[in-house]
Amino acid sequence: MKNRYRLSHCLMLVVVSVCSFAVVRAQQPGAPAKPQSPPDKNAPPVQEPQEKNPDIRTVIVRLPVTVMDKDTNKFITTLKAEDFEIFEDKIKQKIESFRPISELPLDVAVLMDTSNSVRPKLKFEKSAAVSFIETVLKSRNDRALFVSFDSEIELHQDFTNRLDLLSKAIDKVKAHGATRLYDAIYRVCEEKMFATPGRRRAMVVITDGEDTESERTLKEAIDFAQRSETTVFVISTKAGGFFGVEAGTVDTKEDKDLKRLAEETGGRAFFTGNVLELERSFSAIATELRSQYLISYTPGNENFDGKFRRIEVKLPGHKNLRIRAREGYTAVPSNIRAGLKLSSGQ
C-alpha cells in the first residue's frame with residue numbers, strides 16, 4: 001500500500017513538471033500563437049492604416065491684376081499671359097489660366113456707412129452709389145448687393161441684377177448709431193463673397209473711415225477679403241466734414257487704415273472732398289473693374305500651415321507699367337460658411 005502511494009506521488013510530480021515546462025515554453029519567443037477567439041459582432045470596426053495624403057486638395061489662387069501706364073495712368077488691357085510672372089514667397093509659379101476679367105460676370109458688394117457721423121453726406125452718397133451700380137452692371141449676369149452698417153449690419157438687398165430693387169434699397173436707409181466697419185467687411189466676405197469659380201468679386205465701401213464699435217480688427221477684415229478673393233475699393237468722405245476737405249489727402253490714422261485695407265486686397269482708396277470727387281471715384285472704380293486681368297495658378301506649396309503667403313506680380317521688360325494686385329493670402333484650409341444670412345441686428 002505504501003509503495004502504491006509512493007508511485008502515485010511520483011507520477012503526480014512528473015505530470016506537474018511537464019505542465020510547468022509547457023507553460024514556460026508558451027511564454028518564450030517563438031512559441032506557437034494561441035488560437036484567436038471569434039470576433040465580437042458588437043465591437044467597433046478596426047481602423048485600417050491610412051495611406052499617406054489620401055485626399056490632396058487642389059487649391060487654385062485667382063488673382064485680379066490691374067496694369068496702368070506710369071505716365072498717363074491709363075489702364076493697359078492688351079497684355080498676354082507670357083508678359084507676366086507670378087511669385088509666391090519668392091518662388092516662381094506656373095500660370096494656369098489667363099483672361100481679361102471683363103469676360104467674367106461680376107459680383108459687387110456695396111457697403112455704405114450709415115452711422116451718425118455721415119448724416120450730412122448721406123444724400124449725396126446714396127445718389128452716387130445708385131449711379132455707380134447703374135454703370136457697373138453691364139450684363140445680365142452681373143449682380144450687386146447692398147449692405148448698410150452702423151451699430152448694426154443689415155442686408156437690404158441680396159445679389160440681383162435688378163436696378164430698381166437696388167435703387168429702392170439704397171434710397172430707404174437712414175443715418176443712426178455707431179460704426180462697425182470691420183465687422184461689416186468681415187461678415188459680407190464670409191457670408192456672401194465665397195463664390196463658384198468663373199465669377200469675380202469686388203467690394204465698394206463708402207465710409208468716413210473711423211471704426212468705433214467692431215469686434216473684428218482691420219487685420220481680420222483684410223485676411224477674410226484676401227481669402228474670399230475680394231478686391232476692396234474704399235471711398236472715404238472724411239470724418240472732418242464732406243465739404244471743404246481737400247480731396248486725395250491721407251493724414252489721419254483712419255485714412256491710413258483705409259488705404260491699407262484697399263492696397264492689401266488689390267484695390268484703391270479714394271479720399272473725396274466734394275460731390276464731384278465722389279462721383280469721379282465711383283467712375284474710376286467702374287472703369288477699373290472692366291480693365292483687369294484674372295491670373296490663376298496652383299501653389300507649389302500644399303502645406304496649409306496658417307502662414308501668410310506673399311504674392312508678387314511682375315512684368316519683365318515693361319518698366320513703364322505699374323501693377324496692382326493683392327499682396328497675398330493666409331494658407332488655411334477653406335472654411336466656407338455658405339448659406340448664412342445677414343439681417344438687421346446680427
Side-chain angles (χ1 to χ4, degrees), residues 64 66 108-122 124-126 128-129 132 146-151 153 175 177-190 193 201-286 288-289 322 324-328:
T66 301
V108 58
V110 178
L111 278 61
M112 181 176 290
D113 185 346
T114 51
S115 62
N116 278 323
S117 60
V118 301
R119 188 184 299 273
K121 323 153 195 177
L122 190 58
F124 305 101
E125 290 181 0
K126 292 195 292 186
F132 165 74
F146 176 67
V147 169
S148 68
F149 61 93
D150 37 64
S151 296
I153 303 166
T179 308
R180 294 176 61 189
L181 169 62
Y182 302 144
D183 284 351
I185 294 169
Y186 188 99
R187 288 200 59 195
V188 173
C189 286
E190 181 186 34
M193 303 307 281
R201 277 88 75 187
M203 177 182 290
V204 178
V205 181
I206 311 127
T207 181
D208 59 12
E210 185 176 1
D211 189 301
T212 60
E213 206 174 72
S214 284
E215 296 178 1
R216 299 292 180 177
T217 64
L218 170 64
K219 184 179 183 302
E220 289 176 311
I222 291 173
D223 176 67
F224 233 93
Q226 291 172 337
R227 286 175 59 188
S228 62
E229 299 177 343
T230 301
T231 303
V232 181
F233 297 89
V234 180
I235 298 178
S236 172
T237 54
K238 302 290 289 185
F242 190 57
F243 300 99
V245 177
E246 183 182 354
T249 58
V250 181
D251 46 23
T252 67
K253 178 184 181 300
E254 289 77 18
D255 292 342
K256 293 175 182 177
D257 287 344
L258 292 179
K259 191 169 185 289
R260 177 186 168 193
L261 168 65
E263 289 182 349
E264 293 190 14
T265 60
R268 277 200 289 171
F270 300 84
F271 298 90
T272 60
N274 51 54
V275 176
L276 181 60
E277 288 293 334
L278 180 64
E279 293 174 346
R280 286 176 177 172
S281 298
F282 274 116
S283 178
I285 295 171
E288 181 163 348
L289 288 174
R322 183 171 65 251
R324 186 165 56 251
R326 77 174 185 270
E327 296 185 355

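Start at 1 with the first residue, then count along the sequence.
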Please identify each residue that fulfils salt bridge (Lys or Arg N to Asp or Glu O under 4.0 Å) with R280, with sequence neighbours left out.
E277
Side-chain heavy atoms of P64 within contact of R326, under 4.5 Å:
yes
Heavy-atom side-chain proximity of D113 to L181 below 4.5 angstrom:
no
Minimal heavy-atom distance between A175 and N116, with the atoms involved, is O-OD1, 3.9 Å
Sub-3.5 Å donor-acceptor pair from the side chain of T231 to the main-chain atoms of G267, do we have one?
no
Can you tell me how far the OG atom of S236 sits from the NZ atom of K259, to the nearest 0.5 Å?
13.0 Å
Work out which heavy atom in A225 is nearest to a heavy atom in C189; give both atom names and the distance.
CA-SG, 3.7 Å
Pair E229 + R201, salt bridge at N-O below 4.0 Å:
yes
Heavy atoms only: give me the nearest E210-E254 pair and the separation to one decimal.
CA-CG, 3.6 Å
Do any N or O atoms from the side chain of T179 and from the backbone of T212 form a donor-acceptor pair under 3.5 angstrom?
no
Tell me whether S283 contacts the main-chain N or O of E279 through its side chain, where contact means a donor paired with an acceptor under 3.5 Å.
no
Shortest non-hydrogen pair, E220 vs Y186, comes out as O-CD1, 3.5 Å
State, yes or no, whether a side-chain contact exists between F149 and L111 at a heavy-atom distance under 4.5 Å.
yes
Given side chains that start at C-beta, do those of L261 and L218 come closer than 4.5 Å, heavy atoms only?
yes
For E264, is there any backbone N or O sitting under 3.5 Å from a side-chain donor or acceptor partner on Q226?
yes
CG (L258) and OG1 (T207) are apart, to the nearest 0.5 Å, by 6.5 Å
Find the distance between CZ (R187) and CE (M193) and round it off to the nearest 0.5 Å.
15.0 Å
Measuring only between side-chain heavy atoms, which start at C-beta, is I185 closer than 4.5 Å to R216?
no
Sub-3.5 Å donor-acceptor pair from the side chain of S115 to the main-chain atoms of D150, do we have one?
no
Using 0.5 Å steps for rounding, measure from the CZ atom of R260 to the NZ atom of K253.
9.0 Å
Are any of the side-chain heavy atoms of T230 and T265 separated by less than 4.5 Å?
no
Using 0.5 Å steps for rounding, measure from the CD1 atom of I235 to the CD atom of E125.
9.0 Å
Atom CZ in F124, atom CG in L278: separation rounded to 0.5 Å?
10.0 Å
Hey, is D223 close enough to K219 for a salt bridge, meaning N to O under 4.0 Å?
no
If you define the side chain from C-beta out and look only at heavy atoms, does anything of V234 sit under 4.5 Å from F270?
no
As a test of understanding, state which of V275, I206, T237 forms a side-chain contact (heavy atoms from CB on, under 4.5 Å) with K121.
T237
